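Okay, structure first, notes after.
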There are 2 protein chains.
Amino acid sequence: MQLDDIDRRILRELQQDGRMQNIELARRVGLSPSPCLRRVKLLEDAGVISRYVAVVDQAKVGLQLSMFARVSLTAQDAETIDQFIAAMKRLPEVVECYIMLGESDALLRVVVSDLADYRRFQAANLTRKNGIQTVKTDVPSETIKQTFALPL
Amino acid sequence: MQLDDIDRRILRELQQDGRMQNIELARRVGLSPSPCLRRVKLLEDAGVISRYVAVVDQAKVGLQLSMFARVSLTAQDAETIDQFIAAMKRLPEVVECYIMLGESDALLRVVVSDLADYRRFQAANLTRKNGIQTVKTDVPSETIKQTFALPL
DNA sequence: GATGAAAGCTTGTCCTA
DNA sequence: TAGGACAAGCTTTCATC
């Protein structure tokens, strides 16, 4: 799908406020409501806009900590990796998971309420049965920025 | 703010679909529309729901790569750190930024279209003038999971 | 927390450039 | 091919119980 300038403006606006009314959005991008809505629907149908979500404040629901886990797997064969991937997808505490080139095999961001909670999570889930050999955990002291808004 | 069970159910639903109609949301959590909307407004006003956003598919807008940059600063004094923080907030390519305990001083996730784009970004922005001494970059080969939905 | 009514938005159809 | 105007059917939202 080829995006033009108006499409990009629509995406920028909806990345800032996903509940913006179509009337307001149309005004901001300089269209009348009907063609504006038509473009939004096209962007949704093409999967450019994959979904709309509410962003919940981590601290306000008692989940103070994000932890980064650098994972080494027990092996690099397809079976081990697939087993690991399936396990990570299943765990709601794992909010980001990447298979990495280089030193570690994977990188996780894990959301927990405190250090005790993380220890419990690690002992229960970051284990051999999920294909994991070792875990090195990096601890952030402060979150400066956290967004899904892409630079368009 | 104290959350009860219905509040948590509301948050779970809206984390999945931030544009769910209030009528549908009310049905799912077992309330009639008015008290449901009242709860949503309270959650918004308290900042538990901080915002609503459209999630854009990185690949579909030509931003194929996320890169992780482990940053060491030139110094750890408040001035250097503040200068660094201000710079990271300003850069739209930096979608996540954490100040770290341990080996590196900060961890970034940077969204770019390709390796050449990243090299350009690094040369222009991850520099001494932003308080940065060295950068070690980790490259993901695959994104398994990426969500802001917290485990509630 | 539920009900009911007013106001406003979404969204489809048709028309025009 | 793409935007604009209009109308029907919703939802939201507020006052009241």
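Quick caveat, the model's predicted, so the values are computed rather than measured.
- Between the CZ atom of A:R27 and the C1' atom of C:dC9 there is a distance of 16 Å, rounded to whole Å.
- Judged as a salt bridge (charged side-chain N to carboxylate O under 4.0 Å, His left out), and not counting sequence neighbours, the contacts of A:R120 are A:D117.
- Look at CG on A:L31: it is 18 Å from P on C:dA17, rounded to the nearest Å.
- One atom, CD of A:Q21, and another, P of C:dA7, lie 17 Å apart when rounded to the nearest Å.
- Rounding to whole angstrom units, CZ of residue B:R19 and C1' of C:dT11 are separated by 13 Å.
- Counting heavy-atom neighbours within 6.0 Å of B:R8 CZ, excluding the residue itself, gives a total above 12.
- For the pair A:E24 CD and C:dC9 P, the interatomic distance rounds to 10 Å; values are reported in whole Å.
- Residues B:Y118 and B:E93 bring no donor and acceptor atom of their side chains to less than 3.5 Å of each other.
- The structure places CG of A:L101 at 10.5 Å from CD of B:E142, a figure rounded to the nearest 0.5 Å.
- In terms of phosphate contacts, A:R38 brings no side-chain nitrogen or oxygen within less than 4.0 Å of OP1 or OP2 of C:dG12.
- Protein chain A touches strand DNA chain D; the 5'-most and 3'-most nucleotides with an atom under 4.0 angstrom of its non-hydrogen atoms are D:dG3 to D:dC6.
- Taking all atoms of both residues into account, the shortest heavy-atom contact from B:L25 to B:E13 is CD1-CB, 3.6 Å.
- Rounded to whole Å, the distance from CZ on A:R39 to C1' on C:dT11 is 17 Å.
- Taking atom CD1 of A:I23 as the reference point, atom C1' of C:dT10 lies 8 Å away to the nearest angstrom.
- Applying the side-chain contact (heavy atoms from CB on, under 4.5 Å) rule to B:T127 yields the partners B:K129, B:N130; only residues at least two apart in sequence or on another chain are considered.
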